[in-house]
Amino acid sequence: MTPPKYILIAEDDEADVVLMRIVFKKCGIAEQVVVTRDGEETLDYLHCRGPYLGGARFAPGLVLLDLKMPKLSGLEVLKQIRSDARLQATPVVIFTSSLDEEDKAECLAGGADEFVIKPINFEAYAAELERIVRAYATN
Amino acid sequence: MKTPRKNDQPATLRQRAEEKLARQLERLGDLAAPDLQKLLHELSTHQIELEMQNEELRQAQTELEVSHRKYADLYDFSPVGYFSFDHNGLIEQVNHTGAGMLGLSKRQLVGRPLRKLIAPADMAAFRAHLAEVFSSGSRQTCEISLKLKGGQLLPVQLVSSLASEEARPTCYTAMSDITERKRIEAALRESERRERRRADELNTLLEAAPMPIFIVHDPESTHMTGNRAADALLSLPHGSEVSLSAPPETRPRHFKAFKEGRELRVEELPAQRAARGEVIKDFEFSLRFDDGDTRHLLGYGTPLLDEQGRPRGAVHVLVDITERKRAEEAQRENELQASALINSADESILLFSLAGEFLAVNSTAARRMGLRVEDVVGKNCRDILPPHLAAARIAKVEEIVRTGGPGSFEDERAGIIFEHSAYPVRDVSGAVTAVAVFSRDITERRQAELARERLTKELHQLATELDTVFAALPVLVSLHDRDGRYLRVNPAVKALFGFDPTHANRAEIAGRLRARLPDGRPLTVESMPSSRVLLGETVSGVEYLLDDAQGREHVMLFNAVPLRTEEGQVAGMVLAQMDITERIAAEKAWRQSQLDMARAQQVAQIGSWRLDVRRNVLTWSEENHRIFGIPEGTSLTYETFLAAIHPDDRVYVDTRWQAALAGAPYDIEHRLLVAGQVKWVREKAYLEFESDGSLRGGFGITQDISERKRAEAAIRGLNERLGQKVAELEAVNKELQGFTYSVSHDLRAPIRHIAGFAQLLEKKLGPALTAEGREFLTYITSAAEKLGVLVDELLEFSRMGRAEIGRAEVDLGTLVSEVVENFRRKTPSRRIDWQVGELPVVHGDATMLRFVVENLIANAVKFTGPKAQASIEIGYREDGGRHIVFVKDNGVGFDMTHYNKLFGVFQRLHSQEAFPGTGIGLANVQRIIHRHGGEVWAESKIDQGATFSFSLPKETKGTI
C-alpha cells in the first residue's frame, strides 16, 4: 500500500473549510487534510518555518489555494511555491469564488494546474472537489 | 726479255757474210806483213766472234721459235678478228676470234668467201672495200654487218691493208665488233637531235618573248645582242649590236640610260653588272632616245658562267614599265591637282571610315580642327572632336551608311555653324565603305538668316501683341480720319456702344448715343472735345456722361491725340476713352466701406492703426482712440501709446514691440489703464520692412477683450470645479469597480455558504422536519442560488463595461443562426416560428455581440412563452451609415410608458413569478451596443409583441 497523499487547504473562510471537510470526510480522506488560514501561514507550512518550525509536517500531494486571503494573496503564494525548486512538481489547484478572467489568466500563467470556480450549488461544489481529489490526490 | 733481233733467214745471212769477206779480201792485197799478222789476229778473233755470234743466233732462233708460237697464240686469241683474203676474196687465214665472231670454225672458213656471211645490203660495200684494198694497196676501212646464224646481224668494222711482199698479194683484214660503238653513236645522234631541238625552242622563245631579252656575250660586254623585242625597244634592225661598250664602229648611239635623273655610266648598266657576275633584280631605270621618247624599265640580269664558274656573259631582261609609270604619274598629277583643289577649298572635306576614323581630310578641315592634316588622318573623330559633336557626327555617318543615301545636317563648333553634306562612298561591289563629308561654314549666312527670322518674328510678335493689347484694352480705343469718321475700333468700343461704329461719322454716333456734360448739358458734335483734337489739340482727362444703347449711363474719361501727316497737317486722331463708371462707383463704395468699417470697429471693439514710416504718418481709427482713451487729434507718439498701458505690462509690451521691429511676430494680450479702469486688449501688428531691414510701415489692430477675459475667468472657475467633479467621479468609479470585484468574491462566498449549509441541513434533518420546515429550507436554497445568478450577471455587466473590445468582422448571419439553433434545442416543447432574414457582416467584438443576440432572443423566447404559437423574427435593414438589426416577437409586450426603465440595471417590467429575470440583461445589451457606437431601442404594446432593435455603425471609426 502506498501512503496516502495529503492535501493542504489554504482557506481563510471557516464556512468553506467546514464544507470542504464534509466533502473530504465523505471521500474518506478527512485525516489527510491540513488547513492554513492565510497566505503567510501557507508558506510557513510549506517551508517549515514560524509555527511549523520543527513541527510535525508532511509534504502535500495537492495544494488547494483560495485566492482572496489575508496577508498574502493566493496568487502571491502560488508564485512563491513555483519559485521553490522542491515544490515545482506539487499540484496547485486554485479554488476560488472569483469569476475574474484576469485572475484566471494570471494564475494559469503563474503555474496553477487548474483554476476552479466554487459552484454555489452544494452538490456541484462537492462534485467538483471530489473530481479534484481524484485527479490530484489519489494514488 | 731480250730485245728481239731482226728476224733474218740464215741462208741470207751466209750470203751476206761471204760477200763481205770477199770485199775485205780485195783490200788485203795492199797489206804488209805486220799488217797481216794483225789481220790474222783480227780474223781469228773475228772467227771466234762469229762463232759466238752463231751461237747467239741459234739462241735467237730458239727464242724466235718460242716467240713465234707466242705470236701465233696472240694472233689467235687477239680480241680482234683477223682475216686474210686473196684477191678473189677467199679467206686464206682466220684467227680464232674471227671465226668465233662468225660462229664458225677456222676450217669452215679457210678457202671460202666471206661474202656469204655478209648482210645482203652490205655485200656491195664489202666487194668495193676489197677491190679498193687490192687496187690501191693502201689501208682501207669499212663497216658492214655480218649475218650470223639465226639471222642475227653483227655490225663490224673492217680495217684492211695489202701485204704484197709475197708473190701473191694478200689482204689482211682486222674485224672488230662495233655493236657498242654503234649503239653509242645512235644515242649520241638522238641526244644531239634533242639538244638541237631544245636550242631551237629556246631560240624561238627568246625571239618571240614579248619582253626585251639581251645576251651579253663576254664579261666586258663588248658584244651584246637582243631578241626582236629588244631590238624593237631600241629601234634597231634585228641582230644589231646593242652594247654601249661595243667597239665604236658598231656601238649604238641613239639612246642614253638614266636612273633617278642621272645618266648611268656604262659599267652601271644592269647588263654589264650581270655580265661581271652580279645578279640584278628590279633595277629601275630609263632609256632616253634621241627622238625624245623615254622608256621606263625594270632590269633583271643573270650572269652566264663558263665551265670554271667564271662569268662569261649574261642574260639581261627588261620589263617596260613606261605605261604603268605614265599612268602612275598621270594619277599622281591628278591627285596633286585634286589635292590642290581640295585643300584650297573653303569647305572642309573629310572622309570617314565606318568606324568614324578620318581616312582623309583636306587642309581646311585640319585647320578648323586646329591640327595638321597628318595629325588628323588615321585618328578617330572621337579623339579629336568634343564628345557630343563626335557622337552626333558618327550617328550621322551611321545613318548615311544605313540609309545608303546622301544626307545633310548642321552642327556648331566653337561658335561656327557648319552645314555638312554627307555622301556614301562605295566600293565596286556597291557596299558603302566610307562616308565623305563636306562641311561648309554657314555661320554668317545662318546668323543673317537668324537675324532676319528674329526680326520678322519680333515684328510679328509686336504686331500680335499690339493687336492683343488693342483687343484686350479695357480702354476704348478708336482711330479716326481727319473728318472724325471711325476707321478702326477695339472690342471695348463695340462692347460699350452696343454696335460697331466703324465707318460711321461722329454725327451718326451722336444720333444713337446721348452724350452729356457732367452737369447734364447735352454735348453736340461741335462741342465734343474730339472737335478740338481734329483742330490739332491734344486733350486729356475730360469727363463726360454717355448713355449707351440700352440707356445705361457711363462716366467717360476722354483722352485723345491728333495724328499728323509728315507735313504736320492733321490727318486723323486716336481716341482713348475710359469707362470710369465703376471706378467712381467703387470710390463711393470705398467711402461707404470706410464708414462701415468705423462702425464695425466700434461694434466689435476693434481699433486699427496704420504706420507709414516714409511719410512719417501714424493714423488710428476712431475705435482705436476710444479703446486707448486718447482723444482724436492728440499727437500720437510711442510714448503716448506706452503711457496708456497698464504699468505692470509696460515692460512686456515694450519688449515685444522691440522684438517685432526686429522681425518677430507681434500678437499679444495686455492690460490698459484708461481713466483708472483696467481693460484687456489684444494687439496684433503686421509690419513691413524694406530690403535693408528697416521698417517701412505696418498695420495693426487693437481689440478690446475685457469681456472675453472676464468670461474666460468665469470659464476657468467652472473648469476647475468640473475638474474636481471629474476627479471625484473617477474616484467613485474606481470604488465601484472595486466594489464589483468584491461582489464577485465576497458576496458569492456567503451565498454559497447559505446554499451549501441549507442543502446539508435538509439532508441531515430533512426527515425530522415538518413539511413547512423543509419548504423553508428550499426557499433558502433557491434564494441563495438566485442571488448567485444575480451576482454573476452583475459581474458580467461590470466586465462588459471594462473589457477591451475586439475589432473583427463578425458575420451576424452565422452568429444568429447558431444562437437560434441553441434555443431550438433548449425549447423542444415550444412551438416557435423562427424567421431569420439576411443579416450583415459587422465590425465588433464577437463575444459581446453574441451576448446581445442571445439576450434579445432569450427575451423573445421568454416573453412569447404564454403564446401557443410563438413567432420570432430576426431581420435587418440599412439606414444610412448604420446597420439596424431587430428581433421581433409576438409575445406579451410591454407598456411603453415604462420604456425609460427598460434598459436600467435591475429594472424589470414583469413580475418574477411571471417572467423570472435579473433585470440586468438589457442593461448589458445597451452597454455593449453603446460601446460599439450604436443605439438600442424597443417598440411594443401590451399583448402585441415587442420589437427590439439595435444599430451598429458601418464604419468602425470613432470611439468604441
Side-chain angles (χ1 to χ4, degrees), chain A residues 9-27 30 35 37-39 64-78 94-107 115-130 132, chain B residues 736-766 777-806 845-848 850-851 918 920 924:
Chain A
I9 298 168
E11 176 61 71
D12 64 317
D13 192 324
E14 181 57 28
D16 260 313
V17 174
V18 171
L19 287 175
M20 281 195 233
R21 282 191 191 282
I22 289 168
V23 177
F24 289 146
K25 193 173 173 186
K26 192 181 142 205
C27 294
V35 179
R37 301 293 177 172
D38 62 54
L64 263 182
L65 200 55
D66 188 19
L67 273 188
K68 209 175 170 204
M69 286 190 294
K71 296 179 183 171
L72 271 178
S73 78
L75 185 61
E76 200 57 41
V77 174
L78 171 69
I94 307 294
F95 198 51
T96 177
S97 301
S98 174
L99 293 175
D100 199 313
E101 291 289 322
E102 245 176 72
D103 283 345
K104 182 178 179 181
E106 271 183 323
C107 287
F115 186 93
V116 180
I117 298 164
K118 294 170 182 168
I120 285 175
N121 182 291
F122 180 71
E123 279 167 20
Y125 181 93
E128 198 62 88
L129 265 184
E130 280 175 45
I132 291 167
Chain B
L736 273 173
Q737 278 183 12
F739 167 74
T740 316
Y741 183 79
S742 294
V743 163
S744 79
H745 194 272
D746 298 359
L747 221 49
R748 284 184 93 250
I751 292 166
R752 196 176 58 247
H753 299 155
I754 293 166
F757 286 111
Q759 279 174 288
L760 285 171
L761 193 61
E762 193 190 358
K763 260 188 195 159
K764 211 150 203 151
L765 298 180
L777 276 176
T778 310
Y779 280 134
I780 293 171
T781 309
S782 78
E785 281 176 359
K786 270 177 214 155
L787 195 55
V789 172
L790 188 64
V791 165
D792 286 356
E793 286 195 4
L794 193 60
L795 193 69
E796 180 71 5
F797 177 68
S798 144
R799 206 169 62 80
M800 290 296 176
R802 286 199 323 267
E804 288 279 314
I805 289 191
D845 187 304
T847 311
M848 291 188 178
R850 180 179 288 273
F851 181 94
T918 58
I920 295 175
N924 235 345

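Side chains included, hydrogens not; waters and symmetry mates left out as well; all remaining heavy atoms used. Chain A is the first sequence line, chain B the second, and so forth, proteins listed ahead of strands; every chain is numbered from 1.
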Which one, Ile117(A), Asp16(A), Asp13(A), leads in non-hydrogen pairs under 4.5 Å with chain B?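 Highest number of heavy-atom pairs under 4.5 Å: Asp16(A).
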Residue from Val18(A), Asn121(A), Ile22(A) scoring the most non-hydrogen pairs under 4.5 Å with chain B is Asn121(A)
Under 4.5 Å from a heavy atom of chain A, the part of Leu760(B) involved: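 For Leu760(B), the contact with chain A is made by the side chain alone.
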Need one label for Gln759(B): side chain, backbone, both or neither, based on atoms under 4.5 Å from any heavy atom in chain A. side chain
Looking only at heavy atoms, which two atoms of Gly74(A) and Leu65(A) are closest? And how far apart?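 Heavy atoms only, the tightest pair is O-CD2, 3.3 Å.
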Give me the atom names and distance for the closest heavy-atom approach of Lys118(A) to Phe95(A). CE-O, 3.2 Å
Heavy-atom side-chain proximity of Phe851(B) to Asp845(B) below 4.5 angstrom: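 Contact flag for Phe851(B)/Asp845(B) side chains = no.
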Donor-acceptor pair, distance only, cut-off 3.5 Å: does the side chain of Glu762(B) make one with the backbone of Leu777(B)?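 Not at all, since once roles are kept as given, no pair shorter than 3.5 Å links the two residues.
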